[in-house]
Protein chains: 2
Amino acid sequence: MEQLNATAYVILGFVRGEPRSGYEIKALVDNSTRFFWAASYGQIYPELKRLTEAGLIVGSDVPTGSRKRTVYEITADGEEELRAWLRQPPQTFEMRDEGLLKLFFADALPREEGLEILRSMKAQRLAIYERLRAIEQMKGELEDPFPMIVLRGGLEFTQWFAQWCERMEAQLLDAAPEKRSK
Amino acid sequence: MEQLNATAYVILGFVRGEPRSGYEIKALVDNSTRFFWAASYGQIYPELKRLTEAGLIVGSDVPTGSRKRTVYEITADGEEELRAWLRQPPQTFEMRDEGLLKLFFADALPREEGLEILRSMKAQRLAIYERLRAIEQMKGELEDPFPMIVLRGGLEFTQWFAQWCERMEAQLLDAAPEKRSK
DNA sequence: GTTATCATGTAACTAGTTACATGATTCC
DNA sequence: GGAATCATGTAACTAGTTACATGATAAC
């Protein structure tokens, strides 16, 4: 069996237990994994089709009134595929983040504007913190411990990150304010 | 001016100051930004061509012996484009990480194997820590403060992350080892 | 009655990866 | 002389995004 893409595994993960529609999967992603793995309808719907063809999920029509609706469930093969992927250690060393990339090249801006990047990163992290808090509240106490520790970890990390931004700002302000040579 | 892709800005960032070849840019990426933004030759070379056509960089032939070699420098327009991008706050809320995605779905595995994911994440973080340490040593003291704080931040964060994995492992081991219902 | 949400999808596109090909130079 | 590194590139592909279209139902 060939390796699937990450979005496929996200789908497999979410259709365990309860059957879900594409729309529901998108909503689940937006309230959980999207901070470290996002997904769009443009990926989800074609992927649901592919996974069905591969026999890893099965769909059944459950319309609400005359509004059509298909929910998908994982098959035994699908569960095996998901577990096989989980067992492999992560292949990538990359933790993609646009903010850090900008900060890395912040020397291209005058010092004061570079600091602005740090401040906006901090603001962004605080916004994410609030968002995660709201999600945590919503979830209450999930019975599955792993999603819960990832969520809490996200909260801790976001706070850490915001504090780091603050520390770095202070440090840069302390350092000779116009050491800039060249 | 339309928005370019992230790799284009990485290139613009690295061809400031000194002229660099595609090969050098790749090496620079691999020793710095690759932990939060990677790049492959398959992106870099076509992008160098596009950026040249757009007038944001200029290339000049500087062969070593009879081995052809083109180095690129940023133009005034290129600098302006880079700064314009830096000034915009990051557009994405996503910090893509495969390991966290796996941990999130670790409930699909028996508890002991789920813990294995945490352990391999910790091991991976420690490996990255060593890698970053080596890079830090190589760089010595860069005159530009921003790349340096990002590098140091990477070190701090990696350590934090490894410790978090350890704490979570302990916590999961403490919790009723077979609370798993259903 | 109108706005928000539920629901599914696709076409056109951009971004990025993988695998390969080629050849010069340097180091041992 | 052989291995590692320098150096450039492309073709085929996969992954993922954006923008759009469509229409039902629920909430106010």
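Per chain, numbering begins at 1; letters A, B, ... match sequence-line order. All values below were derived from every heavy atom in this structure, side-chain atoms included, with hydrogens, water molecules and symmetry-related copies excluded. Here the structure is a predicted model, which is why all the values come from computation and not from measurement.
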Between the two end axes of the helix from C:dG1-D:dC28 to C:dC28-D:dG1, each built from 5 base pairs, what angle do you get to the nearest 10°?
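If I round to tens, the end axes sit 40° apart.
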
If you group Ile, Leu, Val, Met, Phe, Trp and Tyr whenever their side-chain heavy atoms sit less than 4.5 Å apart, what else falls in with A:Val62?
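Same cluster as A:Val62: A:Val71.
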
Other than A:Met138, which residues form its hydrophobic cluster under the rule that side-chain heavy atoms must be closer than 4.5 Å?
none

Starting at the 5' end of DNA chain D and moving along, which residue's nearest nucleotide shows up first, B:Gln43 or A:Ala8?
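It is B:Gln43, whose closest nucleotide lies nearer the 5' terminus.
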
Return the 5'-most residue of the pair B:Arg69, A:Ala6 with respect to DNA chain D, ranking by each residue's nearest nucleotide.
B:Arg69

Is there a donor-acceptor pair under 3.5 Å between the side chain of A:Tyr72 and the backbone N or O of A:Gly22?
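No; judged by distance alone, with no hydrogens or angles, the pair does not exist.
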
Taking the side chain from B:Thr75 and the backbone from B:Leu56, do they hold a donor-acceptor pair closer than 3.5 Å?
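Such a contact is found between B:Thr75 side chain and B:Leu56 backbone.
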
Is the distance between the ring centroids of A:Phe161 and B:Phe157 under 6.0 Å?
no

Could you check whether any side-chain heavy atom of [X] comes within less than 4.5 Å of a side-chain heavy atom of [Y], counting everything from C-beta outward?
| X | Y | answer |
| --- | --- | --- |
| A:Gln3 | A:Trp85 | yes |
| A:Arg131 | A:Ile135 | yes |
| A:Trp37 | B:Phe104 | no |

Sequence neighbours left out, what passes side chain to side chain donor-acceptor pair (under 3.5 Å) with B:Asn31? Give chain and number order.
none

Heavy-atom closest pair, residues A:Ser32 and A:Phe14
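Distance-wise, the nearest heavy atoms are OG-CZ, 3.4 Å.
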
Classify B:Ser21 by what it touches in the nucleic acid, base, sugar-phosphate, or nothing, heavy-atom distance under 4.0 Å.
sugar-phosphate

Assign B:Lys26 to base, sugar-phosphate, or nothing according to its heavy-atom contacts below 4.0 angstrom with the strands shown.
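Touches nothing.
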
Contact span of DNA chain C against chain B, any nucleotide atom under 4.0 Å from a heavy atom, 5' to 3', runs C:dA15 to C:dT25

Please report, rounded to the nearest Å, how far the P atom of D:dG23 is from the NZ atom of A:Lys68.
11 Å

Could you walk me through whether A:Thr7 and A:Glu47 pass side-chain hydrogen bond (donor to acceptor under 3.5 Å, both in side chains), step by step?
CA-CA 8 Å; A:Thr7 309; A:Glu47 206 59 59; 5.9 Å; no

Heteroatom pairs (N/O) under 3.5 angstrom, protein to nucleotides 25-28 of chain D:
| from | atom 1 | to | atom 2 | distance (Å) |
| --- | --- | --- | --- | --- |
| D:dT25 | OP1 | A:Ser66 | N | 2.7 |
| D:dT25 | OP1 | A:Ser66 | OG | 3.2 |
| D:dT25 | O4' | A:Arg67 | NH2 | 2.9 |

